[in-house]
Amino acid sequence: MSSAAGDAGDGGGLKPLWGGRFSKGPAGEAHALGVSLHFDVRFASEDIEASVAHVHALQDAGLLTAGETESLVEALRGIWGEEDDDIVVELPVQDEDIHMLHERKVTEALGDLGAKLHAGRSRNDLVVTDFRLWLLAEGVAIAEDAADLVRTLARRSRETADMVMPGFTHNRPAQVVTVGYVLAAHAFALLRDLERLDQWSARTSVSPLGAGAIATSTLGLDPAKTAERLGFVRPFDNALDAIADRDFALEFLSVCSILALHLSRLAADVARWSEPALGFAHLDDAYSTGSSMMPQKRNPDVAELARGKAGRIAGDLVTLTTILAGLPLGYHRDLQEDKEPVFDAAETLELVLPALSGCIGTLRFDAGSMRAASMDEGLYATDIAEALVIAGVPFREAHRATGELLKSLAEEGRGLRDLHDDGWSAFGLKDGASLLDPDASVRARNMPGGPAPDRVREQCDAIETAVDTPWS
């Protein structure tokens, strides 16, 4: 059913479309509570297309002549004319939802013929048809924006495949990596989001039209042909499930929430790298802001907003989950609340993705600052321990010995670079000083998936191939 349910009145003192059972319309405050036209007007185009497909289904079933079908289709397509951009400004006050508005307009134009439009359908199956059509298009738009960001990350990763920097765990320096390696990691996370969107789309491309209110109809409609007309992969399997199911919306919000989480992690890295204390990167003026009071400030607002929006989208997921929890099968007016969280998540991602892509694309990395930070001797402790392993020392012994060496040097106020050849030899390594080189360190990690520049370039190749390969 629509965001406005079939068991309520129409308000405004007008004759309800279901008015035979009622002696009066709802109270004004009841009508105000139930109206959803202000947000489900987004489905205007989808609702017209679904109605046109239903008209053809009625003709196929022998319930409309070719002339009647032509008149109904013409009336439906003429409702908005060329005013699609101004729909919100011109919304009527008497209609609960977009479906009632369209049916009223067609009935006003065609009289009794217009009154035939709703045969064999309910707002229960119509709204979920509109919702799926709208969401499938939104999914494509979000996927395109996400793919653009992946391409930007791959390009910047390739450019910085040799640019050394400290890698962090627990927000503490861990091992030497490269900028390109970190950017590629973010890109792979987004590729999984694209895969999830593709899988979601396949499950969502199911037409509910023809399911009716709960149990189809006696009119001989063909849901499979209707599904084909609307571009769905297949029709519903069970009418009750078709009108009650909101898995597609819940899954969409889940995918959006994971995507937003990945964007927040990327944004967090950007914000941190651009901190003056680190100085690893500098934001372009177009993607940073100033302070209304402090003239010196250059704030990473795009990154911070992208980071913060993840919580908002997670909240949308929680909202819909809470609405759906415990609902018996069938349509319930609670489902009027299923759309706005989805609208919010989609709109938020469509704002964040291009802005973050622009931010990453124009980010200027400070190779000197990152190389200087990469000289931190602690970053090479694992290299030293693994060099002992290669020399035949069991790893746990190598780990302990390296830790003891670092501890004793620190107590003496010295560091690894203060060790001479005899000191390294006493430790068990002939050329330990050569391990304290950031470029050598990343080159040595040449396993598939590692940070060695050649491996990072391979990862870029894989990312670019994947993002430009159709998923389905």
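Computed from a predicted model, the values in this text were never measured in an experiment. For the single chain, residues carry numbers from 1 onward in sequence order. All values below come from the heavy atoms of this structure, side chains included, with hydrogens, waters and symmetry mates left out.
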Quiz prompt | Trace of the salt bridge (Lys or Arg N to Asp or Glu O under 4.0 Å) decision for Arg42 with Asp47 | solution = CA-CA 9 Å; Arg42 295 167 192 251; Asp47 196 69; over 6 Å; no

Please check if the number of heavy atoms outside [X] that lie under 6.0 Å from its [atom1] is greater than 12.
| X | atom1 | answer |
| --- | --- | --- |
| Asp461 | CG | yes |
| Arg265 | CZ | no |
| Glu228 | CD | no |

Lys/Arg N to Asp/Glu carboxylate O, [X] vs [Y], below 4.0 Å:
| X | Y | answer |
| --- | --- | --- |
| Arg298 | Asp285 | yes |
| Arg196 | Asp193 | yes |
| Asp439 | Arg371 | yes |

Nearest 0.5 angstrom please: [X] [atom1] to [Y] [atom2], how far?
| X | Y | atom1 | atom2 | result |
| --- | --- | --- | --- | --- |
| Leu197 | Leu190 | CG | CG | 10.5 Å |
| His262 | His186 | NE2 | NE2 | 10.0 Å |
| Leu153 | Arg158 | CG | CZ | 13.0 Å |
| Met293 | Lys297 | CE | NZ | 11.5 Å |
| Leu283 | Asn299 | CG | CG | 9.5 Å |
| Leu356 | Tyr287 | CG | OH | 10.0 Å |

Should [X] and [Y] count as side-chain neighbours, where that means a heavy-atom distance under 4.5 Å?
| X | Y | value |
| --- | --- | --- |
| Thr226 | Phe232 | no |
| Pro173 | Phe168 | yes |
| Leu263 | Leu149 | yes |
| Val128 | Arg246 | yes |
| Arg155 | Arg151 | no |
| Ile313 | Leu259 | no |
| Met375 | Pro438 | yes |
| Arg455 | Pro448 | yes |

Side-chain donor/acceptor of [X] to backbone N/O of [Y], under 3.5 Å:
| X | Y | value |
| --- | --- | --- |
| Thr348 | Asp344 | yes |
| Ser274 | Ala271 | yes |
| Ser257 | Ser254 | no |
| Thr129 | Leu209 | yes |
| Gln459 | Gly450 | yes |
| Asp125 | Ser122 | yes |
| Ser408 | Leu405 | yes |
| Thr469 | Thr465 | yes |
| Thr362 | Gly358 | yes |
| Asp418 | Gly415 | yes |

Self-check item: Phe365 ring center within less than 6.0 Å of Phe280 ring center
Solution: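 Centroid distance Phe280-Phe365: not below 6.0 Å, so no.
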
Quiz item: Do the two ring centres, one from Phe248 and one from Trp200, sit under 6.0 Å apart?
Solution: no

Exercise. Walk me through it: do Phe427 and Thr402 pass the test side-chain contact (heavy atoms from CB on, under 4.5 Å)?
Key: CA-CA 9 Å; Phe427 182 68; Thr402 303; 3.9 Å; yes

Exercise. Given side-chain contact (heavy atoms from CB on, under 4.5 Å), test Phe252 with Val342 step by step and report yes or no.
Key: CA-CA 8 Å; Phe252 176 79; Val342 172; 3.9 Å; yes

Closest heavy-atom pair and its distance - [X], [Y]:
| X | Y | result |
| --- | --- | --- |
| Leu240 | Asn238 | N-OD1, 3.0 Å |
| Cys359 | Val302 | CB-CG1, 4.1 Å |
| Arg417 | Glu377 | N-OE2, 2.8 Å |
| Leu194 | Ala146 | CD2-CB, 3.9 Å |
| Met165 | Val182 | SD-CG2, 4.1 Å |
| Ile463 | Ala187 | CD1-CB, 3.6 Å |

Between [X] and [Y], does any side-chain donor sit less than 3.5 Å from a side-chain acceptor?
| X | Y | answer |
| --- | --- | --- |
| Thr289 | Asp301 | yes |
| Trp273 | His282 | no |
| Ser357 | Asp148 | no |
| Asp431 | Ser434 | yes |
| Thr160 | Arg156 | no |

Self-check item: Qualifying residue, where the test is side-chain contact (heavy atoms from CB on, under 4.5 Å) with Arg445 and the options are Thr178, Thr382, Val176, Val177
Solution: Thr382

Exercise. Might you work through the side-chain contact (heavy atoms from CB on, under 4.5 Å) test for Ile384 and Leu429, ending with a clear yes or no?
Key: CA-CA 9 Å; Ile384 294 169; Leu429 295 176; 3.9 Å; yes

Quiz item: Taking it one step at a time, do Asp245 and Arg132 satisfy salt bridge (Lys or Arg N to Asp or Glu O under 4.0 Å)?
Solution: CA-CA 11 Å; Asp245 171 34; Arg132 285 176 183 264; 2.6 Å; yes

Self-check item: Pair Arg77-Glu49, salt bridge (Lys or Arg N to Asp or Glu O under 4.0 Å): steps then yes or no
Solution: CA-CA 9 Å; Arg77 296 207 185 281; Glu49 294 309 310; 2.5 Å; yes

Quiz item: Where does the angle between the aromatic ring planes of Phe343 and Trp134 fall among parallel (under 30°), tilted (30 to 60°) and perpendicular (over 60°)?
Solution: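 Geometry flag for Trp134 against Phe343: perpendicular rings.
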
Quiz item: What do the steps show when you test Asp130 against Lys339 for salt bridge (Lys or Arg N to Asp or Glu O under 4.0 Å), and what is the final call?
Solution: CA-CA 11 Å; Asp130 294 354; Lys339 297 162 197 64; over 6 Å; no

Quiz item: Could you go step by step and tell me if His399 and Arg396 meet the side-chain contact (heavy atoms from CB on, under 4.5 Å) rule?
Solution: CA-CA 5 Å; His399 187 287; Arg396 280 300 161 205; 3.9 Å; yes

